[in-house]
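The block underneath contains the structure these notes are about, expressed in structure tokens.
We count ligands from 1, going down the list as the structure has it; atoms in each ligand are counted the same way. Just so it is clear, the model here is predicted, and its values are computed rather than measured.
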Amino acid sequence: MKLVLLVVSALSALLLSLAPVQQPVVADVVLKNGNVYTVDSKSPRAQAVVITKDRIVYAGSNEVAQKFVGAKTRVVDLKGATVLPGFADAHQHLSGVGMREMTLNLEGTTSLEDFLAKVKARVDQTKPGDWVTGRGWIETHWKPPVFPTRWDLDKVAPNHPVILNRADGHGSVANSAALKLAGIDKNTPSPFGGEISKDKQSGEPNGMLLDAAQGLVRRRIPPTSREDAERAVVLGVKRNISLGWTQIQDAGGSYNDVDIFKKLYAAGMIKLRIYKAVHGPGASATRLLNEGPTIGAFDNRFTFRTIKVVSDGALGSRGAALLDPYSDKDDTSGFLTVKAEDLRPMLLDALRKGIQVETHAIGDRANRFILDEYEAALKAVPADQRKVADPRWRVEHAQIVNPVDIPRFAKLGIIPSMQPSHAIGDLFFAPSRLGIARLEGSYAWETFIKSGVVVAGGSDAPVERGEPMIEFYAAVARKDQKGFSGEGWHPEEAVTREQALKMFTLWAAYAAFEEKLRGSIEVGKLADLTILSADIMTIPAPEILTTRCVMTVINGEIVYEGS
Ligand SMILES: [Zn+2]
């Protein structure tokens, strides 16, 4: 004990001697008695963090931190809570998260009965004839695990049109009133790229609408007003901050979102950092290429420099583009959703103008396609002709990648941006879609890291729940939330806690060109912190799931305090 004390005071003395001698800085906030993980290899642990204005001015011992305390300093005793660099969600859809809060939120629905009870409660508060919409249900763990039907919904909603999105967004269930408004009956053919699911005996539509077929009903819903769109963003921000996210990287959308974000930032209504992309090729991407990026607006909270491309669909609906046919449906291998001739001029322009590109690619064919396109563009516009020499282009999801293609990411400097929760959801059906052999190179986080790239971690909410603790747990456990892991789940692809922490802090910052500004607790960096009720670096993995955010700090300001 004495020896420890000696070492500690020797360390403090050393730190003191390194501290600037001129004028002691008076802190705005001193957080002490914390269990701090800095993600700074030079000094990985600390007890206290000192903040002045928007910056970290000291991380180290309680004793030294005390010297920064002045008359106006707010001193917070963390009582041993765990302090991490502010978590960033490298792939989220912010307004979708907000809309899920505003409409009926069906996340975590445990059975058909539970599902119908939630729908009934919402129907009872809604004027007859008005729409009831919602999102987030998933039947995988219901008993039996089957889709709900229009007839189930009709029992609780005979007088309201209802449409409810499955969590993944690739399917919806509608009731009879909604199908009637859309003019869908047994004679309606399935549209291109979608399916109107029908009852095997009667041939009547059973209410399930897949992919493009959802649009037949959705276009009958009155469009979201500007006011509601703004409210959704505010609600999405509030939820994110309460979970401990300090930045979200908004994967797609349009200038509409950009206008809403700017207005809300200017009004002081958003504290969360947003790193924004818009969809391309198309009008939004062209405008971004012409007008140029926005970097660090609103006190470094808002950056907009990225085009989001979608190159294929999803695995669950067999829309992911595979090199070989699906193992459970050999007449299809999915499809690419972008044409090379539309993409190519945009990629060249983006390199010349310093615009980042991120591309959704799920299947091994889509991943190879986009790597080929990126490689050709990088070759055609060498570094000295680029506005940003290292453009840090990204592949979103990078889910099923042929092992031959994995080393190409490091070689080309491409960042895989991956969502751990996708693996623990998809691995229930991935073996049947892909076969066991193709699961090598699927959700291959550890192989990617070993190949020499950084992996940016995200949630893809509202496709997934969007909770940092679920993502962190999925990354380190690679088991579902009940601890289940099946054949072909490749447990060796789980990452260490240190790697998982980097995925949601420093590496997510790197994917946004912000590793010098954020992503670790270091002097001079922006003061973003996520403070948790338990030490997720050491507790048994299942306890990560019950760990709560107790405080969120963004730009030096305590923006959320839990109980
Ligand atoms: Zn997404």
Side-chain angles (χ1 to χ4, degrees), residues 87-101 107 135-136 138 165-172 211-212 214 232-233 236 239-240 243 245 247-254 256-258 261 272 274-280 282 284-285 304 306-317 319-321 334 336-338 356-363 366-367 370 393-401 414-426 430 442-443 445 455-468 470-471 474-475 503-504 508 511-512:
F87 268 44
D89 186 341
H91 186 120
Q92 192 188 100
H93 305 277
L94 179 59
S95 36
V97 169
M99 287 306 285
R100 184 173 65 184
E101 297 290 296
E107 289 172 281
R135 173 161 194 160
I138 189 145
N165 224 222
R166 194 170 182 268
D168 70 359
H170 291 276
S172 293
D211 284 305
Q214 301 174 93
V233 170
R239 175 186 157 107
N240 278 307
L243 290 166
W245 296 119
Q247 180 193 57
I248 66 103
Q249 301 181 9
D250 198 39
S254 68
N256 243 341
D257 310 330
V258 175
F261 295 163
L272 183 71
I274 301 174
Y275 184 79
K276 176 75 183 142
V278 289
H279 276 121
S284 292
F304 170 38
T306 308
I307 294 170
K308 163 87 180 288
V309 177
V310 177
S311 75
D312 69 347
L315 186 66
S317 52
L336 292 175
T337 53
V338 66
Q356 189 184 35
V357 177
E358 58 177 37
T359 302
H360 161 120
I362 304 264
N367 276 281
I370 200 63
W393 283 4
R394 310 167 30 156
V395 175
E396 303 303 304
H397 314 310
Q399 270 179 18
I400 301 141
V401 183
I414 306 297
I415 301 163
S417 161
M418 304 175 79
Q419 302 75 37
S421 59
H422 280 332
I424 66 168
D426 290 9
S442 295
Y443 315 91
W445 315 315
V455 173
S459 77
D460 205 8
V463 174
E464 301 286 349
R465 299 280 287 265
E467 298 181 19
I470 293 178
E471 297 302 331
M503 286 169 70
F504 292 99

Derivation and outcome, side chain to side chain contact (heavy atoms under 4.5 Å, CB included), residues V97 and Q92: CA-CA 8 Å; V97 169; Q92 192 188 100; 3.9 Å; yes
Option passing side-chain hydrogen bond (donor to acceptor under 3.5 Å, both in side chains) with H91 (candidates E396, H422, Q249, H360): E396
Non-neighbouring partners of E358 that pass salt bridge (charged side-chain N to carboxylate O under 4.0 Å, His left out), sequence neighbours left out: R394
Does R465 offer a backbone N or O that forms a donor-acceptor pair with the side chain of R100 under 3.5 Å? yes
Just by distance, do the side chain of S284 and the backbone of S254 share a donor-acceptor pair under 3.5 Å? no
Ignoring hydrogens and angles, tell me if any N or O in the side chain of E471 forms a donor-acceptor pair with the backbone of S421 under 3.5 Å. yes
Atoms of type N, O or S from protein under 2.8 Å of the Zn ion (ligand 1), total 3
